[in-house]
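One structure is given below, encoded as structure tokens.
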Amino acid sequence: MSEWKRYTITAALPYANGPVHIGHLAGCYLPADIYVRYLRARRRDVVFICGSDEHGVPITITARREGVTPQQVVDKYHRIMGDAFAEFGISFSIYSRTSSQTHKETAQGFFKKLYDEGKFIEQETEQYYDEEVKQFLADRYIQGTCPVCGNENAYGDQCENCGSSLSPTDLIHPHSMLSGSKPVLKKTKNWFLPLDKLQPQIAGYLEQHKDWKINVYGQCKSWLESGDGLQPRSMTRDLDWGVPVPVPGAEGKVLYVWFDAPIGYISATKDLLPHTWETYWKDKDTRLIHFIGKDNIVFHCIIFPAMLMDHGEFILADNVPANEFLNLEGQKLSTSRNWAVWLHEYLEEFKDKQDELRYVLTSIAPETKDSEFTWKDYQTRVNSELVGIFGNLVNRVLVLTDKYFDNQVPEARECGELKTFTTDQKNKITDALENFRFREGLSELINLARHGNQLLSEKEPWKTIKDNREYTGATLYDCLQIIANLAILCEPFLPFTSKKIFDMLNLDPASLSWEDAGRQDLLKPGHKLGQAALLYQKIEEEQIEKQVEKLHSQSPQTPKGGLNTKTMENKEPSSDTAPGSALKPLSPEIVFDDFARIDLRAGTILSAEKVEKADKLLKLTVDLGFEVRTIVSGIAEHFKPEDLIGIQVSVVANLAPRKLRGIESKGMILLAEDTVGRLHFVSPKDLTENGSIIK
RNA sequence: GGCGGGGUAGCUCAGCUGGUUAGAGCGCAGCACUCAUAAUGCUGAGGUCGGGGAUUCGAGCUCCCCCCCCGCUACCA
């Protein structure tokens, strides 16, 4: 358990495209902080690394939308996130950022070494280039006419009308979605990490870590064994925001954000320890642990280790205790729908209640499965556990001691039974923390406080003081020792509380370590105690009602069937990126004749049924007046089939037929997609004769 | 559809390699106490462990089938 000489603990680099919410805290930063604080309490050598992840396409989109530079975007969120972490007591050794100079050098050096050793597969392809904005275009940023079905708004990777997989060069009349101009083909090189070749090594690595959490291990297995196994992955991108690729012929290219982000852990360590950072990353006696959310498992358990293996000098993670996701009031957290409790807002509205949130989030942390945060539960846990059991014990003992013993620790002998109990609790908490079971550890902490309350009701010092001062003193002595133990043992979970208790006991936190917990002589007889104060206030009904109201009023209504939103930001541009991040830029101008080619008709849905073996498809029959057609539409996640019957819709009637899962679809139904991803039929306002021309 | 994770008391969750009466906290009911932020302590009621089948002397825990939730992936607007 303790053969490790030092620890390098990382917490996922939060993406600097928005603030941090309770899901991030519960899933990653809190468990990491608790673990680190515990290690420090045991006087272990530990660095705790984090920072903002500031590259990638979504940040450039945010910047463009807000009319500022990407650097301004990341500066803003880097500050907001860093401040929120600091105020919550997340005790990073350093909170760095990937736009730093150190990071640039480190990431480039890393890439360069792999490059020099021929570890990459170099592939030259012809890619479209936008001469107006002077950059290569990701496939998704090119639109044009689909060669298969004639849809004029097909994307460079795929036609969303007919479903054909495309490459940008297949498109007829391609145009850039950034400027609208006609892109030109230019040769470009990209460098791929051959994960397929590294697969045996990665599998071997995984085999050595069967002790990982079941959700983590299973997820990795699934990646390795499903389909064709791992595929080569490009580690560079044609983009102007990121770390420039440091090799000849790579002008205008940056490192793939998932290549540079984990290296951010290393560069941050360099910033922290310019001379000794290497021991924390290269010495076999260093234990590397990544705290992350479940969306990051593949990057931390497969891709990053693969990069490190290939590089050769670095140690690999010994554990990756990833958590599942936290839900809020019955729904998934969603940045785009503003369904979240933001840390910087909580801090303003619940002044000095950091430990309250830390407590609640730790006790419901999604360690083995998704879990649920509700404000009602927050209130209950704070009021009954923190106020009622923990805070109350401390208060009543200190008040009694002050009243009966002039605020001095009474004379008494050590109680063997209590010592055993306290030591047991300490061991249980220690064992839980060593194994990343933070909820359990916290619950055992409360049990220790509970024991103090039991002791008081059993021995009733307020009665015994009348005729047995010595016995009363012994009782309070025991309770005071429990409180001193609580001060030590609660520090990883509730650092602000711990400090307050130490103050009240007039003890120096630095003089005691984890090893001292369990002792029954932490406070010596005659020791003068400090000023007692309440540790926590009750949470009133109105406070949580206000929060629930705020949540609902600031978030758009959830559509029927739920939304397919991502809980955390998706850093790759793709069709299913969290909806609502932006309205799409306007497509290039067309002439009237282009429009006139489209024959739109009114039609009524006669029947609707789910398509077998497809989650999103509905098979519809639509009456167009002159004929009844079958149309397959990808809207199954938004509407129930029975709700559609009888609705009049607008149909693209002259679209080339297309087979979808074996069913011939003749036409397309028009829908408007709003900024949160909901679909709305575009229909004639009043019922119209089927087949009517729409123009 | 494929893969991974999960479905245990009203609620939130524990349950190790299968073994006697399935656990905790909250909530609920009753009792005790009054030092304490009307806080605390004790006692109790509450579960066909998603459904069905199989293996076993014995299964919440193993195997097969099905249903539901989460994630990835596929199909796809």
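Because only heavy atoms are used, hydrogens play no part in the values below, and waters and symmetry mates are left out as well, while side chains stay in. Proteins come first, then strands; the chains are lettered A, B, ... in the order of their sequence lines, and each starts at number 1.
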In whole angstrom, give the distance that lies between atom [atom1] of [X] and atom [atom2] of [N].
| X | N | atom1 | atom2 | answer |
| --- | --- | --- | --- | --- |
| A/Asn447 | B/G41 | CG | C1' | 14 Å |
| A/Asn327 | B/U12 | CG | P | 11 Å |
| A/Gln537 | B/A39 | CD | P | 14 Å |
| A/Asp211 | B/C16 | CG | P | 17 Å |

Problem - Closest-nucleotide ordering on RNA chain B, the 5'-leading residue of A/Asn453 and A/Glu460 - result: A/Glu460
Practice task
Identify, between A/Arg439 and A/Lys466, the residue whose nearest nucleotide on RNA chain B lies closer to the 5' end.
Solution key: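 First, find each residue's nearest nucleotide; the 5'-ward one identifies A/Arg439.
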Practice task
Sticking with atom P, work out how far B/A22 lies from B/C67, rounded to a whole angstrom.
Solution key: 31 Å
Practice task
Could you work out the separation of B/U62 and B/G19 based on their C1' atoms and round it to a whole Å?
Solution key: 14 Å
Compare the minimum distances between each of [options] and the side chain of [X], then state the nucleotide with the smallest one.
| X | options | result |
| --- | --- | --- |
| A/Gln219 | B/A36, B/G41, B/G4 | B/G4 |
| A/Met668 | B/A77, B/U40, B/U34 | B/A77 |
| A/Arg381 | B/U12, B/C70, B/A36 | B/U12 |
| A/Val387 | B/U37, B/U40, B/G4 | B/U37 |
| A/Ser222 | B/C3, B/U37, B/A36 | B/C3 |
| A/Ser457 | B/U37, B/C35, B/G41 | B/G41 |
| A/Ile364 | B/U12, B/C35, B/G41 | B/U12 |
| A/Val399 | B/C35, B/C26, B/U37 | B/C35 |
| A/Gln454 | B/A36, B/G25, B/C42 | B/C42 |
| A/Trp223 | B/U40, B/C72, B/U12 | B/C72 |

Problem - Cationic tip of A/Lys294 above A/Phe325 ring, under 6.0 Å, 45° of axis - result: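 Judged by the rule, A/Lys294 and A/Phe325 form a cation-pi pair.
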Report which part of the nucleic acid [X] touches: base, sugar-phosphate, or nothing (heavy-atom distance under 4.0 Å, all strands).
| X | result |
| --- | --- |
| A/Glu440 | nothing |
| A/Asn392 | base |
| A/Leu476 | nothing |
| A/Tyr217 | nothing |
| A/Ser363 | nothing |
| A/Lys294 | sugar-phosphate |

Practice task
May I ask you to decide whether A/Glu207 forms a salt bridge with A/Lys221, counting only side-chain N to carboxylate O separations under 4.0 Å?
Solution key: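 Judged by the 4.0 Å cut-off on N to carboxylate O distance, A/Glu207 and A/Lys221 do form a salt bridge.
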Handout entry: Test: A/Glu545 and A/Lys376 ion pair at under 4.0 Å
Key = no
Practice task
Scan every strand shown for a Watson-Crick or G-U wobble partner of B/A22, both distances under 3.5 Å, and answer none if you come up empty.
Solution key: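 Paired with B/A22, as far as the under-3.5 Å criterion goes, is no nucleotide at all.
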Fill in the blank from the handout: Tightest non-hydrogen contact, residues A/Leu357 and A/Leu25, listed as CD2-CD2, 4.3 Å
Practice task
Mind listing the closest non-hydrogen atom pair of A/Pro321 and A/Phe291 along with its distance?
Solution key: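 It is CG-CE2, 3.6 Å.
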Exercise for the section: For B/G25, decide between syn and anti, treating a glycosidic angle within 90° of 0 as syn. Expected result: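 This nucleotide is in anti.
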Practice task
Using only side-chain N and O atoms of A/Lys369, determine if any of them is under 4.0 Å from OP1 or OP2 of B/G7.
Solution key: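 For B/G7, OP1/OP2 do have a side-chain N/O of A/Lys369 under 4.0 Å.
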Problem - Check: A/Tyr378 ring centre within less than 6.0 Å of A/Phe350 ring centre - result: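 Yes - the distance between ring centres of A/Tyr378 and A/Phe350 falls below the 6.0 Å cut-off.
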